[in-house]
Number of protein chains: 2
Amino acid sequence: MKPRALVPGDLISFVSPASALDREKLDFSIALLEGWGYRVRLEDHALDSWGLFAGTDADRAADLMKAFTDPEVAAVYCTRGGYGCARLFPYLDLDAMAASGKMFLGFSDITVLHTPLNRRGLPTVHAPMGLTLHTPREPWVYESLRQAFIGGNPIPDEAPKGTTLIPGVVEGEVSGGCMILMCDSLGTPESVDLAGKIVLIEDVDEFPHRVDAMLTHLINSGQLGSAAGLVIGEMTRTDEKADPTIKGTPWREIVKERVMPLGLPTVIDFPFGHGKQMLSLPQGIRARFDAGAGTLEYLESLCR
Amino acid sequence: MKPRALVPGDLISFVSPASALDREKLDFSIALLEGWGYRVRLEDHALDSWGLFAGTDADRAADLMKAFTDPEVAAVYCTRGGYGCARLFPYLDLDAMAASGKMFLGFSDITVLHTPLNRRGLPTVHAPMGLTLHTPREPWVYESLRQAFIGGNPIPDEAPKGTTLIPGVVEGEVSGGCMILMCDSLGTPESVDLAGKIVLIEDVDEFPHRVDAMLTHLINSGQLGSAAGLVIGEMTRTDEKADPTIKGTPWREIVKERVMPLGLPTVIDFPFGHGKQMLSLPQGIRARFDAGAGTLEYLESLCR
């Protein structure tokens, strides 16, 4: 059920399954994708606004289902994360979405959708949102995304390596994403299942104690300890949220204290997450993770 | 396994299983409890400081175990919440704690401990922390706590009623507590089990979208819909955290939008939570909840 590699002329559908956004924020990404030879279509409700969300749950879900089931669409690209995907489950046909074989891209709140699609056999791409592509980025960021679209190697040589916490080499399916959404899935029918997986972990705008609490939740559930290896990105803007009245513990120290006792191959500061410079990382396909070298190498193509 | 009603001369043990605190913040609560005729003892590590916590995990857990197993102690009272209880599971003997029949009091992060103790048959008390009793409070706040200690009626006539969202009368065991800790338990061996329960829900310092996300997590897990009724307290300091760049949705509207489709007997603004004026509410015993009248009436005493 792998997606087809995109070719020039293919149609990319922009959908907004979570928070609302302004149209002009998409100008850059539309021009970028059109420059690569693709066509871009905004779905009907992509620019709607309803409370905290880009339209009602029913409308956001309808856009997703339309994009996933329209034969003309080659890839479904999320414009923005924020919050809202977890509200959509009553409205989605996840089996049909996975069976569509469409390429699906996004991260952050979109983690909520990666997990069930991967579980149903559709690999997806943990990629920068359409909204944020205009942020000045290194050339390898765009090259990584471009390679994802064509099923190439999404980890350019120029991308930084991860920093080793615990060395070790493992192979497994890449999974995970934004930590708070992984936690928000625990105990639900669409829970993450990290057993034997190479787990991506990143987050943004969390208080230091919440980084600790979420890792503890993943540990207490038995999920984190069952992983094959941990590829930790960035916890963006966490240290700035430390309580100045107590001796703050920088997020990297919190992460080390929690995850190192698990003894799994682990790196930190792998280049993905809510920082500006991030790779586009396929999920739901197998990779070889060398934590000592700080590298992730895909063992198969994202595409059929 | 109900706790014994306290009598003058009984010893109350102050423990700090979560965040650190300053000694002088306890002066008021110690004087209050001594004024009621009780003795107060601070456990060995109650004033320790280790990173974000009141001592190491092992030390905080050792204090809890010492207090719960010391025959001289009649009640174990938590000085402060914050964050830290979920880290203690590897160090605690929850069966021995529950079998001790000690009275146990606290709320907020202490929700993490109420759930497994209630499940093992020990009723506990969702009560103000030792740290915060000095905050100016209505007389019924202190009267409620005093009645909890002696196994009396903890809901004085003077306490405000809840505001009806959906009327209905149900009976069941009182459960729940601070929402984020209920969520952080999902998918773990010590998960909340809300089926058939009268569920207390409150939280503090959460972003509006997180109130939505946590309710959605409890809904997606099937827990919230299985409850008998919902007794919602206050989401303290949530509206102040609304993003000014988007039309903020006040927390009461978010709660209504999420919980009213469940169709359960529900009240909001029941007097408990992180606001100043809060009842001390036993958990793990049965009550009659009249959502139309906005009242909770215990059907049995906290004490044996």
Side-chain angles (χ1 to χ4, degrees), chain A residues 18-22 49-54 56-57 82-90 109 112 180-193 205-223 242-243 245-250 253-254 257-258 261, chain B residues 18-22 49-54 56-57 82-90 109 112 180-193 205-223 242-243 245-250 253-254 257-258 261:
Chain A
S19 290
L21 72 160
D22 296 328
S49 178
W50 180 74
L52 302 170
F53 311 102
T56 65
D57 294 352
Y83 165 66
C85 288
R87 295 172 52 108
L88 301 184
F89 286 123
D109 194 60
V112 173
I180 195 165
L181 287 320
M182 295 165 64
C183 288
D184 283 358
S185 80
L186 296 174
T188 78
E190 300 301 340
S191 172
V192 291
D193 175 7
D205 288 333
E206 297 291 350
F207 289 96
H209 79 275
R210 285 301 303 163
V211 169
D212 190 300
M214 288 188 280
L215 289 167
T216 299
H217 191 187
L218 289 168
I219 290 167
N220 286 350
S221 69
Q223 290 279 354
D243 181 345
T245 67
I246 56 174
K247 282 190 288 285
T249 304
E253 296 308 308
I254 290 172
E257 192 270 340
R258 287 277 82 188
Chain B
S19 290
L21 72 161
D22 296 328
S49 179
W50 180 75
L52 302 171
F53 310 103
T56 65
D57 293 351
Y83 165 67
C85 288
R87 295 171 52 108
L88 301 185
F89 286 123
D109 195 60
V112 173
I180 196 165
L181 288 319
M182 295 165 66
C183 289
D184 283 359
S185 81
L186 295 174
T188 77
E190 300 300 341
S191 172
V192 291
D193 175 7
D205 287 333
E206 297 291 350
F207 289 95
H209 80 275
R210 285 301 303 162
V211 170
D212 190 302
M214 289 188 280
L215 289 167
T216 300
H217 191 187
L218 289 168
I219 290 167
N220 286 350
S221 70
Q223 291 279 353
D243 182 345
T245 67
I246 55 174
K247 283 190 289 288
T249 304
E253 297 308 310
I254 290 173
E257 192 270 340
R258 287 277 82 189

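Values reported hereafter were calculated over all heavy atoms of this structure, with side chains retained and with hydrogens, waters and symmetry mates removed. By convention in this document, chain letters (A, B, ...) are assigned in the order of the sequence lines, proteins followed by strands, and residues within each chain are numbered from 1.
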note = From the list A:I219, A:L218, A:N220, A:D212, the residue making the most non-hydrogen contacts under 4.5 Å with chain B is A:D212

ask   = Would a 4.5 Å heavy-atom cut-off, applied to side chains only, mark B:R210 and A:D184 as touching?
value = yes

note = Whatever's closer than 4.5 Å to a heavy atom in chain A on B:D109 counts as neither

task = Quick one: do A:F53 and A:Y83 satisfy ring-ring contact (aromatic ring centres under 6.0 Å, His included)? Show the steps, please.
result = CA-CA 7 Å; A:F53 311 102; A:Y83 165 66; 5.6 Å; yes

query = Non-hydrogen atoms of chain A under 4.5 Å away: do they reach the side chain of B:E257, the backbone, both or neither?
reply = side chain

message = Could you work out, with side chain to side chain contact (heavy atoms under 4.5 Å, CB included) as the rule, every residue matching B:S185, not counting sequence neighbours?
response = B:T188, B:S191, B:V192

inquiry  = For a 4.5 angstrom cut-off between non-hydrogen side-chain atoms, does B:R258 reach A:R87?
reply    = yes

